[in-house]
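Here is the structure we will look at.
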Amino acid sequence: MSKIDWNDDGQRRQYRHTASHIMAQAIQHIWPEAKFAIGPAIDNGFYYDIDIDHRFTEEDFPAIQKEMKKIIKQNLPLERSEVSREEALRFFKERNQDYKVELINDLPEDEIISMYTQGDFTDLCAGPHMDSTGQIKAVKLMSVAGAYWRGDSDRPMLQRIYATAFPSQEELDAYVNMLEEAKKRDHRKIGKEMRLYMFSDEAPGFPFYLPNGMIMRNELVDYWRGVHKRYGYTEVMTPQIMKRTLWETSGHWDHYKENMYTTVIDDEDYAIKPMNCPGSILVYQNEPHSYRELPLRYSELGNVHRHELSGALHGMFRVRNFTQDDAHILLADEQIEQEVKNIIKLYDEIYSQFGLTYEILLSTMPEDHIGTREDWDVAEGVLENAIRAIGKTFEVNEGDGAFYGPKLDFIIKDSLGREWQCGTVQLDYQLPGRFNCEYTGSDGQKHTPVMIHRACFGSLERFIGVITEHFAGKFPLWLAPVQVSLLTVTEEVIPYAEEVCKILEDAGLRVKLDKRNEKIGYKLREARNARDSYICIIGEKEKEAGAVTVRCNKIKDEIGTMSIEEFMKAILEENSQRMVGSYFAK
């Protein structure tokens with residue numbers, strides 16, 4: 001392949017997989033004793049797993065990259081050959097490549113065995129690859145980590161070198177710059193600096209909200225409740241622990257048990273809920289229903305627990321205890337399309353509130369599922385029709401649906417262009433029937449409702465992590481833990497600063513008064529590091545004028561000196577309208 005379409009995932013992986021072979025060849029040139037395992041392309045680059053006594057560090061990267069550039073400059077053709085199992089085994093045994101031998105032995109007897117050769121390097125590989133090494137334009141080694149062979153802790157620990165490749169140096173530089181910016185925006189770092197949340201070795205994977213974090217969380221919840229009330233949802237709360245029989249009926253016990261925390265109460269098995277849906281079904285079953293009530297929209301900020309492997313835990317993005325902003329909608333078949341339209345309209349409103357855009361994936365039937373193929377075809381068709389009816393585009397994500405039904409996944413993009421899976425809409429023809437849910441139709445007969453499971457934030461924890469990085473901690477005023485920080489220059493102005501503080505607090509603003517006997521430059525740096533939204537300097541000049549000198553964490557230059565009334569009027573408007581940016585940036 002002489003040219004690639006970088007927007008095509010397959011071609012992008014083909015390019016990067018070729019780069020992984022170049023990296024392996026370079027390592028072989030420098031360390032001939034290296035044994036190679038696998039070197040696939042991944043979402044943002046590629047890696048190779050290597051068994052070698054030498055311990056790789058980032059200090060080795062320049063030498064490896066220099067050798068890779070030589071190989072690229074040689075423009076070596078990548079030549080595919082198909083060989084017999086015996087030839088392949090003999091070739092790799094002669095070169096002491098034990099991992100390749102094991103891979104060959106594990107292949108089916110009728111599998112075609114192919115190898116790719118570039119110059120003096122040959123690798124076991126199914127391909128495809130670029131035509132020559134010279135087509136790879138820009139590469140960079142990123143990091144090194146340990147990885148058990150085939151993910152088995154009883155097998156050898158290999159060294160995994162991560163790297164990436166792009167069609168041009170400019171694109172590679174832009175990617176590296178984005179990663180540097182992402183490091184600065186790491187929600188774990190910012191969360192610590194702003195005192196939002198914490199984690200403890202005594203509760204791995206279980207987040208603690210600190211006072212500032214609780215302010216932001218409560219503001220999010222208040223906003224969420226207001227929007228859902230306007231869209232016709234009623235809020236419920238269901239128990240944390242319920243009997244095994246419930247989870248057997250729902251299918252979770254058979255299909256999700258490895259992720260559930262269980263306990264025994266009065267000699268009976270119970271589970272801490274990993275999902276809220278069975279509880280909402282019990283709420284529905286609490287009383288009889290008529291078609292006139294449908295759709296019934298139950299919303300729940302449900303606290304759920306899921307057992308995640310310790311290696312998968314990652315700040316607020318992957319935790320073991322989180323709050324889903326759930327909703328479960330019971331409705332009739334003919335109402336589904338309109339309801340999905342309403343849900344997407346709600347999502348549009350919420351995501352735009354944070355300046356977030358999104359793409360939609362339609363995830364279809366997985367191998368592990370309940371219900372017939374015919375049921376799934378109907379459900380997938382209904383979701384597809386609903387998306388098309390409102391003029392939205394989507395991509396199909398084969399085999400990634402929930403075990404009980406297909407779903408729409410909303411992939412939001414942040415300010416760095418990174419993608420995050422947050423919102424979901426899951427269409428479920430299975431659970432209502434398994435729980436014998438009914439409603440009386442207009443014909444006087446009993447009917448089984450359909451259930452829509454949906455969450456917009458996905459989880460409060462994950463969404464808080466996402467927007468922390470999206471805004472780099474410089475949240476919209478309505479979310480900011482500290483909306484106004486008042487910094488005194490001298491001790492003499494403290495009484496005036498206290499008056500200003502009371503005026504702003506009485507207006508409903510969250511204010512921090514820093515009247516410590518510290519230099520103003522020190523106070524200013526601390527307020528900036530804490531990402532306080534507005535920082536007001538109060539000295540003798542401001543005291544005499546009945547004013548404050550204002551800075552904003554979203555605006556580079558100082559806004560200037562203004563009266564208390566003028567400043568308060570502006571930020572109250574910014575706060576009430578939930579502006580994403582600053583009022584003063586208009």
Side-chain angles (χ1 to χ4, degrees), residues 6-7 9 12-13 15-16 19-20 22-23 26 41-48 56-66 68-69 72 136-147 159-197 199 312-318 354-357 411-422 462-476 525-532 552-557 580-581:
W6 197 245
N7 293 319
D9 182 65
R12 192 166 60 246
R13 287 176 179 270
Y15 182 93
R16 286 171 166 165
S20 80
I22 294 172
M23 184 173 75
I42 54 178
D43 285 346
N44 293 315
F46 58 92
Y47 68 80
Y48 221 115
F56 288 117
T57 69
E58 292 190 10
E59 292 178 358
D60 295 314
F61 290 179
I64 298 171
Q65 288 183 174
K66 183 178 180 181
M68 290 177 72
K69 288 178 180 178
I72 290 169
I136 307 303
K137 302 302 180 185
V139 295
K140 182 176 177 62
L141 275 61
M142 305 300 292
S143 62
V144 61
Q159 296 183 75
R160 175 172 294 178
I161 297 180
Y162 287 98
T164 192
F166 283 85
S168 70
Q169 189 63 42
E170 291 76 15
E171 289 169 285
L172 175 59
D173 290 344
Y175 174 71
V176 172
N177 289 337
M178 185 276 288
L179 291 182
E180 289 301 315
E181 181 62 27
K183 285 182 183 177
K184 297 176 188 175
R185 292 169 177 254
D186 189 314
H187 73 282
R188 295 166 297 182
K189 171 179 174 288
I190 292 174
K192 186 174 182 179
E193 292 171 349
M194 295 183 68
R195 299 182 176 91
L196 300 176
Y197 33 76
F199 291 87
L313 301 175
H314 180 66
M316 299 289 271
F317 292 155
R318 183 63 68 88
F354 301 90
L356 297 166
T357 59
I411 313 299
I412 64 175
K413 288 192 175 183
D414 68 12
S415 56
L416 295 182
R418 298 173 300 173
E419 295 182 340
W420 308 93
Q421 197 279 307
C422 287
R462 181 177 175 81
F463 192 75
I464 285 171
V466 169
I467 62 174
T468 298
E469 299 198 1
H470 174 61
F471 292 115
K474 298 177 181 180
F475 297 107
R525 280 194 303 275
E526 281 204 337
R528 283 174 173 165
N529 288 338
R531 281 89 168 171
D532 297 343
C552 177
N553 68 15
K554 301 178 186 66
I555 299 173
K556 183 177 181 181
D557 299 321
V580 174

Heavy-atom closest pair, residues Gln159 and Phe56 = OE1-N, 2.8 Å
Verdict with supporting geometry, Met316 and Thr468, side chain to side chain contact (heavy atoms under 4.5 Å, CB included) = CA-CA 10 Å; Met316 299 289 271; Thr468 298; over 6 Å; no
Approximate separation, where rounding is to 0.5 Å, of Ile411 CD1 and Leu356 CG = 12.5 Å
Glu181 vs Leu416 side-chain heavy atoms within contact, under 4.5 Å | yes
Side-chain heavy atoms of Asn44 within contact of Tyr162, under 4.5 Å | no
What one should report as the nearest heavy-atom pair of Pro167 and Tyr15 is CA-OH, 3.5 Å
Starting at CD1 of Ile136, measure out to OG of Ser20 and round the result to the nearest 0.5 Å.
-> 9.5 Å
Taking all non-hydrogen atoms of both residues, which atom of Pro62 and which atom of Glu58 are closest, and how far apart?
-> CD-O, 3.5 Å
So, does Arg195 use its side chain to make a donor-acceptor pair with the main chain of Ala530 at under 3.5 Å?
-> no
Which heavy atom in Ile190 sits nearest to a heavy atom in Gly473, and how many Å separate them?
-> CG2-CA, 3.8 Å
Apply side chain to side chain contact (heavy atoms under 4.5 Å, CB included) to the pair Arg185 and Asp414, showing each step before the final yes or no.
-> CA-CA 12 Å; Arg185 292 169 177 254; Asp414 68 12; over 6 Å; no
Of the options Leu196, Val580, Asn553, which is the one that meets Phe475 in a side chain to side chain contact (heavy atoms under 4.5 Å, CB included)?
-> Leu196
How about Asp173 and Gln169: does a side-chain donor come under 3.5 Å of a side-chain acceptor?
-> yes
On a heavy-atom basis, the closest approach of Ala19 and Ala165 is CB-CB, 3.9 Å
Are any non-hydrogen side-chain atoms of His470 and Ile412 less than 4.5 angstrom apart?
-> no
Tell me whether the centres of the aromatic rings in Phe463 and Trp420 are closer together than 6.0 Å.
-> no
CD1-CE distance between Ile161 and Met142, expressed to the nearest 0.5 angstrom = 13.0 Å
Around atom CZ of Arg418, are there more than 12 heavy atoms of other residues, nucleotides or ligands at under 6.0 Å?
-> yes
Are the side chains of Leu313 and Phe199 in touch, meaning some heavy atoms are under 4.5 Å apart?
-> no
Between Met68 and Ala26, the two heavy atoms sitting closest are CG-CB, 3.6 Å
Could you check if a side-chain atom of Arg531 sits within less than 4.5 angstrom of a side-chain atom of Phe471, using non-hydrogen atoms only?
-> no
To the nearest 0.5 Å, atom CZ of Arg12 lies from atom CG of Asn7 at 7.5 Å
Quiz item: cation-pi between Arg160 and Tyr47, 6.0 Å / 45° | yes
Check against side chain to side chain contact (heavy atoms under 4.5 Å, CB included), Glu193 and Lys189 = CA-CA 6 Å; Glu193 292 171 349; Lys189 171 179 174 288; 3.2 Å; yes
Would you check, one step at a time, whether the test salt bridge (charged side-chain N to carboxylate O under 4.0 Å, His left out) holds for Asp186 with Lys183?
-> CA-CA 5 Å; Asp186 189 314; Lys183 285 182 183 177; over 6 Å; no
Take Val139 and Ile22 through the side chain to side chain contact (heavy atoms under 4.5 Å, CB included) test and state the conclusion after the steps.
-> CA-CA 10 Å; Val139 295; Ile22 294 172; over 6 Å; no
Does the Arg16 side chain pair with the main chain of Phe46, one donor and one acceptor, at a distance under 3.5 Å?
-> no
Residue pair Phe317 / His187, side-chain heavy-atom distance below 4.5 Å | yes
Non-hydrogen side-chain atoms of Met194 and Asn529 separated by less than 4.5 Å | no
